2 protein chains.
Amino acid sequence: MDAGEQTVPVWLRERRAGVGRPAERSRAEVTAAAITLADREGLAAVSMRRVAAQLGTGAASLYRYVASRDDLLDLMADEVAAGYNLPTPGGPWLTGLLEVCRQGRELMLRHRWLPELVLTRPTLGPHGVDLLEHVLAVLAEHPADTAHKMEAFAIMNTLTAALALNELSTTSGTRHRQGAYLAHAVAAGQHRHLAAALAGASLVPAAPAERFEDTLSKILTGLLGAA
Amino acid sequence: MDAGEQTVPVWLRERRAGVGRPAERSRAEVTAAAITLADREGLAAVSMRRVAAQLGTGAASLYRYVASRDDLLDLMADEVAAGYNLPTPGGPWLTGLLEVCRQGRELMLRHRWLPELVLTRPTLGPHGVDLLEHVLAVLAEHPADTAHKMEAFAIMNTLTAALALNELSTTSGTRHRQGAYLAHAVAAGQHRHLAAALAGASLVPAAPAERFEDTLSKILTGLLGAA
DNA sequence: ATCGTTCGCGAACAGTGTTCCCGAATGGGT
DNA sequence: ACCCATTCGGGAACACTGTTCGCGAACGAT
């Protein structure tokens, strides 16, 4: 009967009543296994078969808990968002927002697969909604209208993810590819300003945490006005 | 002999001299076919087999022009970046940067798969380097140091992609899923501020182009100071 | 005509997400 | 105690995917 229910998000499709054989695992267990796997071997390693193996079951069984792999990814992202430790709002709004960003960055450095998920499928699950509620609370006294506050929330999250991703690529080897071609392009002669810029100081500045907060502080101030 | 050359980016691995059987196609042709396919059916449809079919050849032949699918994606992104029409720098820097953002947004609305690529694999190819050179030229008189200018460039691109992605999801059906759960969460009672916010005006404001430029203008001003 | 080299690409490999369909397990109703 | 609707577990299969191997064909230079 429920043919076109695919439009309903994951979080609204929950367990039915206690009739029939009881499930041996839970959606939370599946999500946790996927997160463990992603932490250890990256997002690409999160295949249905490998998650199932991690749980000691067959791949097809996972579909009792999750409608698709994409569902599972959404669940992973929202589950990590449970890690925010949100203080009761109070004090200047900029301080409150920066604290959210700071914690977001730490979550993303701890789970290196998160930025990609946040950037490409910005979905709001239960914990994401809680986060949004908190941000709106922090901005309660702020004169901006709703649309601007929502936009600030989205930009905050996106930028936190993008900066974290950038920071992570600096650590791993991904970045060297870019540097190699950049050097080549500069050596080729064109690109006057680029050559001048690269002649200066190092491109990887120290104290990424401070730089991160400084950057986001400036951007949020630009978006919402001075505190 | 060249065992570990995989670290070299795509753009440095070019065609050798004219010895042996000449190639029937070119790297540019392969890239163009992939772009056509992505424009018509999305990024997921860009598989080696389908790109090859589009060209009327076998899948394995593509590896004569491209080392991997990821290479092909990098080529696609940089090829589209050739579409920037960069005016000779002059006038206020903010105007110059906003013009770059405006063109970026249009490219991304024309190629709906671009934002995802820009966000998840921010690689600089030849045209990307040209763009960076242009931005540095626009900022030539600006007092900020190199690191800050580079960061501004990265943030500009990321944000353009993120806002474009958001704009695209508003059009397609992806967004309704989120709305559905948001409504559910609000109806559940908690989330005081969220309920108040959603009681206000519509969430999808009109005139996205103006809003886009306004937002980026504020952010760039916050980052680099008032013009 | 021969040789070194490159190209095209069918076939195969190891993996993927997902669906089908089965037998097994369960708990409520009688 | 039995039955039976209902759910769960999961092997097998399908339609794909990216990538490698190796062979025959095509060329430029000698």
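Note on naming: letters A, B, ... go to the chains in the order of the sequence lines (proteins, then strands), and numbering restarts at 1 for each one. None of the values given here were measured: they were computed from a predicted structure.
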(message) At less than 3.5 Å, do the side-chain atoms of A:R21 and the base atoms of C:dG27 form a donor-acceptor pair?
(response) no
(message) If the threshold is 4.0 Å, N to carboxylate O, is there a salt bridge linking A:R192 and B:E133?
(response) no
(request) Let me know the distance between CG of B:L72 and C1' of D:dT17, rounded to the nearest Å. (result) 14 Å
(request) For the residue pair B:T123 and B:W11, establish whether any side-chain heavy-atom pair is separated by less than 4.5 Å. (result) yes
(message) Could you tell me how far apart B:L62 (CG) and D:dC21 (P) are, to the nearest whole angstrom?
(response) 17 Å
(request) Kindly indicate, with the supporting measurements, whether the criterion side-chain hydrogen bond (donor to acceptor under 3.5 Å, both in side chains) is fulfilled by B:E151 and A:T215. (result) CA-CA 9 Å; B:E151 188 170 51; A:T215 301; 3.1 Å; yes
(message) I'd like to know if A:R112 pairs up with A:D39 as an ion pair, taking the criterion as any Lys NZ or Arg NE/NH1/NH2 lying under 4.0 Å from an Asp or Glu carboxylate oxygen.
(response) no
(message) As a test of reading the structure: which of C:dC7, C:dT6, D:dT7 is closest to the side chain of A:V19, going by heavy atoms?
(response) D:dT7
(request) Report yes if a side-chain nitrogen or oxygen of A:S47 is closer than 4.0 Å to either non-bridging phosphate oxygen (OP1 or OP2) of C:dT16; otherwise report no. (result) yes
(message) Ring of B:F212, cation from B:R105 - is the NZ or CZ under 6.0 Å from the centre and inside 45° of the axis?
(response) yes
(request) On DNA chain C, check which nucleotide each of B:G56 and A:M48 is closest to and give me the residue with the more 5' one. (result) B:G56
(message) Is A:Y65 close enough to D:dC8 that one of its side-chain N or O atoms is under 4.0 Å from OP1 or OP2 there?
(response) no
(request) Quickly work out the B:R25 CZ to C:dT6 P distance and round it to whole Å. (result) 19 Å
(request) Just call it for A:V46: base, sugar-phosphate, or nothing, with non-hydrogen atoms closer than 4.0 Å on any strand. (result) sugar-phosphate
(message) Of the listed nucleotides (D:dT19, D:dG9, C:dC9), which one gets closest to any side-chain atom of B:S68?
(response) D:dT19
(message) Quick check on D:dG9: is either OP1 or OP2 less than 4.0 Å from any side-chain nitrogen or oxygen of A:S61?
(response) no
(request) Could you tell me, to 10°, how much the axis swings from one end of the helix from C:dA1-D:dT30 to C:dG29-D:dC2 to the other, five pairs per end? (result) 10°
(message) Tell me the interatomic distance from B:E24, atom CD, to D:dC27, atom P, rounded to whole angstroms.
(response) 8 Å
(request) Return the value, rounded to whole Å, for the distance between atom CD of B:E41 and atom P of D:dC16. (result) 12 Å
(request) Could you check which of C:dC9, C:dG8, D:dG9 has an atom nearest any side-chain atom of B:A60? (result) C:dC9
(request) Could you tell me the separation between the CZ atom of A:R50 and the C1' atom of C:dT16, rounded to a whole number of Å? (result) 13 Å
(message) As an exercise, state the distance from OG of A:S47 to CG of A:L37, rounded to the nearest 0.5 Å.
(response) 7.5 Å
(request) To the nearest Å, give me how far apart CG (B:L55) and P (C:dC9) are. (result) 10 Å
(message) Output the rounded distance in Å from OH (A:Y63) to P (C:dC20).
(response) 12 Å
(message) Judged by each residue's nearest nucleotide on DNA chain C, which is more toward the 5′ side, B:R49 or A:A44?
(response) B:R49
(request) Remember a base hit wins even if backbone is also touched, and classify A:G20 as base, sugar-phosphate or nothing at under 4.0 Å, heavy atoms. (result) base
(message) Counting C-beta onward and ignoring hydrogens, is there a side-chain heavy-atom pair between A:L132 and A:M150 closer than 4.5 Å?
(response) yes
(message) Measuring only between side-chain heavy atoms, which start at C-beta, is A:M108 closer than 4.5 Å to A:Q103?
(response) no
(message) Under 3.5 Å, is there any donor-acceptor pair linking the side chain of B:R64 to the base of C:dG8?
(response) yes
(message) Quick check on DNA chain D: between B:A67 and B:P22, whose nearest nucleotide comes earlier from the 5' end?
(response) B:A67
